[in-house]
Amino acid sequence: MEKCQKIMELAKRRGFFWQSYEIYGGESGFIDYGPLGTLLKRKIEQKWVDEFVRKEGFMLIDTPVLAPSIVFEASGHTTYFTDPITTCKKCGRKWRADHLLEEQAKISGEGLSLEELDKKIKENNVHCPECKGELEPPKFFNELFKTTIGPYSENIGYGRPETAQGIFSNFKRLYELARNKLPFGVAQVGRCVRNEISPRQGPIRLRELTIMELEFFFDPENPRCDKLVEVKNEKLRILPEKLLVEGKDKPVEVTVEEALKEGYIKSEWNAYFMVKAKKFVESLGIPAEKQFFKEKLPTERAHYSTQTYDQLVELSCWGAVEVSGHAWRSNYDLKMHMVYSGEDLRVYIPYNEPKKIRKFLVKPIKKAFVESFGDEALRVMRLVNLTPENELVNSLKKNGHYDLKGDGKTYRITLNHVEVEEVYVEEKGKRFLPNVVEPSFGLDRLTYATLEYAYSEKDNRIVLRLPRNITPIEVAVFPLMTKDGLPEKAVEVYRLLIKHGFTVEYDESGSIGRRYARMDEVGTPLAITIDYQTLEDNTVTIRDRDSWKQIRVKIDNLPKTLEKYFKENVGFDDLGKL
RNA sequence: GCGGCCGUGGUCCAGCCUGGUUAAGACAGGGGCCUGCCACGCCUCUAACCCGGGUUCAAAUCCCGGCGGCCGCACCA
C-alpha cells in the first residue's frame with residue numbers, strides 16, 4: 001500500500017481527518033479534522049505564530065472571511081481570478097478562450113468581453129487544438145466564492161482566497177500601531193475559500209483551507225535586511241527561473257549569500273523568510289533534503305507578484321507539493337486599495353534636512369478624464385497621481401502620450417488629460433507606498449506532510465514519530481494491572497499532570513503492550529506506568545515512544561521532569577540523570 | 001468537465017462475472033475472565049452492501065442516473 005493510503009487509513013481510524021459530509025456522500029474539496037487532527041493542526045499553527053510573529057516581534061490580527069466585492073475588485077481577484085473558458089463540443093475538453101485566440105489567430109484576447117471573444121473565435125475559425133471540434137461560446141470561470149451580504153441581492157460579497165487583503169485594507173491603522181515605523185510585519189492565520197474546478201488529492205487540494213501568512217512592509221529605497229547576517233551562510237535548495245529556462249529541473253544548493261549575489265532571489269527579506277520557512281518545516285520533522293524552493297515563471301505568477309518562490313516538499317503519492325509561497329508583492333496591493341478607496345495609504349518619512357528640488361507638478365483635468373474613461377475616471381486619476389512625475393512627463397514630451405498600466409488594463413494618457421507645471425519646492429520628507437514581501441503557508445498541507453514524515457512502522461505496528469512539541473497527546477498514564485490499588489494511584493498521577501497543564505490520556509483497558517501501541521500510533525511521546533514498585537517508593541516508569549526505553553522517576557519530580565522534556569527539549573536519556 | 005478504474009461494519013477486505021439461507025473474515029472497539037511492561041490468550045457483544053430509479057417472484061450482485069474516491073487530460077493567482 002502507498003504511504004498516503006496508510007496515512008488516510010490512520011487519519012480516518014484514529015480521528016485526524018476525514019472527508020466532510022460523509023453521510024450525504026461527501027463533498028469534494030472539504031475535510032473535517034477529528035479530535036487528534038484538530039490538536040495537531042493547532043499545535044503547528046501555534047509553532048508558526050511563535051516563529052513568525054512572537055520571535056520576530058510582529059503583529060497578529062484576525063479579520064473576516066467575507067468581504068464586500070470592492071475589496072476583491074481592488075485587489076484584482078475579480079479580474080485575475082477569472083478566466084474565459086470554452087468547451088469543445090466534440091470532445092468536451094476545456095480551454096482558455098483567450099489563449100486559443102492568441103495561438104491560432106494571433107489576436108490578443110486580453111480584456112475582451114465574452115461576446116467579443118465568441119465573435120473572434122467564430123470569425124477566425126478557431127477550433128479545438130486536440131480534436132479540431134467546434135467550440136462552445138466562452139464562459140467566465142472565477143474561483144472566488146460569491147455570496148450576498150445581508151438581504152440585498154445587489155450587495156455582492158466574496159469569501160477571501162487569501163488572508164492578505166484583510167491586512168492590506170487595514171494598513172493605515174496597522175502602520176499607526178507600528179508607531180509609524182518601517183519595516184514591520186503583520187500576520188494572519190485563517191480560513192480561506194477557493195472554488196477549485198476539480199479538487200483531488202485529499203487534504204492537498206481543498207476548497208476551504210487554512211492559510212498562515214505574513215505581510216512584511218518595508219521601504220523600497222531601503223530594502224536591506226538587517227537580519228541577513230544571521231542567515232547568509234545558510235544553505236537553500238533552490239530552482240530559480242534562470243536555471244528553469246535553461247531546461248534544468250533539479251534544484252541547486254547555494255548559500256543565501258550566493259543566491260542573492262547570483263540574482264536568484266531579488267529581495268533580501270524574501271531570502272530571510274525563505275530560510276525561516278525551511279527551518280520551520282524542518283522543525284515539523286521534514287528534513288531539509290526533502291524540501292526545495294522553485295521560482296514561478298512569469299506566466300505562472302500571480303497578478304500582484306514581482307517574484308515568487310514556492311517551497312515544495314516531497315510527498316509519497318503526489319510528488320513535490322507546494323507548502324508555502326514567498327511572493328514579492330511590490331506595492332501592488334496598497335496601490336490598488338489606494339486607487340479604489342481614495343484613502344492615502346502612503347507613509348511619510350521626514351528627511352534630516354529639507355531638500356530643495358525641481359519637479360513636475362501634474363494636475364489632472366477632470367473633464368478630460370471623464371470623457372476618456374467614463375466610470376473609471378476617478379480611479380485613473382488616482383493612478384496618475386501615483387505615477388512618478390518624471391516618468392509620466394518624459395513620456396508625454398517624447399511620445400505625446402503615456403501608457404498607464406493598472407487594474408488589468410492600459411490607459412492612454414495624453415497631453416489633453418493633464419496640466420504640467422515645473423516647480424521648485426522644498427520637500428521635508430518623502431511620501432511613498434511600502435513594498436511587501438509575503439511568506440504564505442498552507443496549514444492543511446503542512447499538517448498532512450507532517451503526518452507523512454512522522455509515519456513509521458516497527459514490529460508490524462505504526463509509530464508516529466511526531467516532534468514532541470506538536471503531538472496531540474503529550475503523556476499517557478497507565479496502571480500496570482487493574483487491581484491492587486494501581487488504577488487509583490494512576491488516576492492520582494493523571495490528575496497531577498492535568499493540573500500542571502499537560503495534555504494527558506488515562507487508559508487501563510487491555511494489556512499494557514496494547515496501550516503502548518495505541519499511544520505510539522498517535523505519536524504520544526511519553527507513557528507513564530504505575531506498577532507495584534510505585535506503591536512501595538512512589539516512583540513511576542516513563543517509557544519513550546521511539547526507543548521503548550524506560551526510566552524511573554519520583555512522582556514528586558514528574559511535573560518538573562516533563563517540563564524539561566517538553567519545554568527545554570532535554571533528551572529522553574538525559575531525563576533519567578536529573 | 002472528459003476517459004479509465006473503484007465504492008460492503010470504525011478500518012482493511014471476501015462475495016458481484018453465473019441474482020436466491022442469518023453477507024464471510026481479519027483488525028479495531030465495548031463488557032468479562034486472565035495478565036508483574038510492548039497489539040498475549042479465552043468467552044462475549046456491538047457493527048456494513050454510497051444514494052435514487054429500473055429489470056425481476058427475488059438485487060450487494062444486472063441496467064440507468066446521481067454523489068464520492070483514485071489516476072490521466074484540463075485547471076490550479
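A note on names: the letters A, B, ... follow the listed sequences, proteins ahead of strands, and every chain is numbered from 1.
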Shortest side-chain distance from A:Met481, nucleotide among B:C12, B:C40, B:U35: B:U35

Partner of A:Tyr448 under ring-ring contact (aromatic ring centres under 6.0 Å, His included), picked from A:Trp318, A:Tyr455, A:Phe16, is A:Trp318

Would you classify A:Phe478 as touching base, sugar-phosphate or nothing, given that sugar-phosphate means primed atoms plus P, OP1 and OP2, and contacts are heavy atoms under 4.0 Å? nothing

Closest listed nucleotide, where the reference is the side chain of A:Gln550 and the choices are B:A39, B:G30, B:C37: B:C37

For A:Tyr532 and B:G36, is the gap between ring centres under 5.5 Å while the planes differ by less than 30°? yes

A:Asp531 CG - B:G36 P separation (whole Å): 12 Å

When all nucleic acid strands are considered with a 4.0 Å heavy-atom cut-off, which category describes A:Thr308: base, sugar-phosphate, or nothing? nothing

For B:C37, take OP1 and OP2 only and decide whether either is under 4.0 Å from a side-chain N or O of A:Arg515. no

With respect to the side chain of A:Arg205, which nucleotide from B:C40, B:C37, B:C76 is positioned closest? B:C76

Under 4.0 Å between any heavy atoms, over every strand shown, what does A:Ile462 touch: base, sugar-phosphate, or nothing? Just pick one. base

Close N or O pairs between protein and nucleotides 67-70 of chain B (under 3.5 Å):
{"from": "B:G68", "atom 1": "O4'", "to": "A:Gly25", "atom 2": "O", "distance (Å)": "3.0"}
{"from": "B:G68", "atom 1": "O3'", "to": "A:Gln19", "atom 2": "NE2", "distance (Å)": "2.9"}
{"from": "B:G68", "atom 1": "O2'", "to": "A:Gln19", "atom 2": "OE1", "distance (Å)": "3.3"}
{"from": "B:G69", "atom 1": "OP1", "to": "A:Gln19", "atom 2": "NE2", "distance (Å)": "3.4"}
{"from": "B:G69", "atom 1": "OP1", "to": "A:Ser28", "atom 2": "OG", "distance (Å)": "2.5"}
{"from": "B:G69", "atom 1": "OP2", "to": "A:Ser28", "atom 2": "OG", "distance (Å)": "3.1"}
{"from": "B:C70", "atom 1": "OP1", "to": "A:Gln201", "atom 2": "N", "distance (Å)": "3.0"}
{"from": "B:C70", "atom 1": "OP1", "to": "A:Gly202", "atom 2": "N", "distance (Å)": "2.9"}

Using a cut-off of strictly less than 4.0 Å, decide whether A:Arg514 has a side-chain nitrogen or oxygen near OP1 or OP2 of B:C40. yes

Find the distance A:Glu508:CD to B:G36:P and express it as a whole number of Å. 16 Å

To the nearest angstrom, the CD-C1' distance between A:Glu457 and B:A39 comes to 13 Å

Could you measure between the two P atoms, the one in B:G25 and the one in B:C2, and give it in whole Å? 41 Å

Choosing from B:G36, B:U11, B:C76, which nucleotide comes nearest the side chain of A:Glu143? B:C76

Span that lies between the P atom of B:G32 and that of B:C70, in whole angstrom: 41 Å

Closest nucleotide among B:C75, B:U11, B:A39 to the A:Glu521 side chain: B:A39

Heavy atoms from C-beta onward define the side chain here; which of B:U35, B:C40, B:U11 lies closest to that of A:Lys12? B:U11

B:U56 and B:U11, which share atom name C1', separated by this distance in whole Å: 35 Å

Any A:Thr529 side-chain N or O less than 4.0 Å from OP1/OP2 of B:C37: no

Residue pair A:Tyr158 / A:Thr78, side-chain heavy-atom distance below 4.5 Å: yes

Apply the test ring pair (Phe, Tyr, Trp, His ring centres under 6.0 Å) to residues A:Phe171 and A:His337: give CA-CA distance (whole Å), side-chain angles for both, the deciding distance (0.1 Å), then the verdict. CA-CA 10 Å; A:Phe171 178 76; A:His337 282 301; over 10 Å; no

Given A:Leu239 and A:Phe293, is the side chain to side chain contact (heavy atoms under 4.5 Å, CB included) satisfied, shown in steps? CA-CA 6 Å; A:Leu239 185 50; A:Phe293 290 90; over 6 Å; no

Pairwise C1' distance for B:C33 and B:U21, with rounding to whole Å: 35 Å

Check for me: is A:Trp548 stacked on B:C38 by the 5.5 Å centroid and 30° plane-angle rule? yes

Might you confirm whether atom NZ of A:Lys276 has over 12 heavy atoms from other residues, nucleotides or ligands at distances under 6.0 Å? yes

Residue that, paired with A:Tyr33, satisfies side chain to side chain donor-acceptor pair (under 3.5 Å) out of A:Thr38, A:Asp444, A:Thr210: A:Asp444

Interatomic distance where CH2 belongs to A:Trp18 and P belongs to B:C12 [whole Å]: 14 Å

Taking CD1 from A:Ile530 and C1' from B:G36, how many angstroms apart are they, rounded to a whole number? 14 Å

Between B:A59 and B:G15, how far apart are the C1' atoms? Round to whole Å, please. 14 Å

Of the options A:Arg545, A:Lys458, A:Arg514, A:Arg543, which is the one that meets A:Asp520 in a salt bridge (Lys or Arg N to Asp or Glu O under 4.0 Å)? A:Arg543

Starting at the 5' end of RNA chain B and moving along, which residue's nearest nucleotide shows up first, A:Arg13 or A:Pro161? A:Arg13

Does A:Glu143 pair with A:Arg194 as a salt bridge, N-O distance under 4.0 Å? no

Answer yes or no for A:Arg379 and A:Tyr340: cation-pi contact, defined as NZ/CZ to six-membered ring centre under 6.0 Å and angle to ring axis within 45°. yes

Fill in the dot-bracket string of RNA chain B, one character per base: . for unpaired, | for a pair to another strand, ( ) or [ ] for pairs within the strand, taking Watson-Crick or G-U pairs under 3.5 Å. (((((((..(((.......[....))).(((((.......)))))....(((((..]....))))))))))))....

Ion pair A:Glu521/A:Arg14, N-O distance below 4.0 Å: yes

Mind checking the P distance from B:G72 to B:C27? Whole angstroms is fine. 35 Å

Base of B:C76 paired with side chain of A:Arg194 (donor-acceptor, under 3.5 Å): no

Is it the case that the side chains of A:Gln291 and A:Gln311 hold a donor-acceptor pair, with the cut-off being a distance below 3.5 Å and no angle test? yes

Given B:U11, B:U35, B:C37, the nucleotide with the shortest approach to the side chain of A:Thr541: B:C37

So which of A:Arg445, A:Lys296, A:Lys294 actually passes salt bridge (Lys or Arg N to Asp or Glu O under 4.0 Å) with A:Asp310? A:Lys296

Distance check, P atoms only: B:U44 and B:G53, in whole angstrom units. 40 Å

Work out how far the C1' atom of B:G54 is from that of B:U8, and round it to whole angstrom. 22 Å

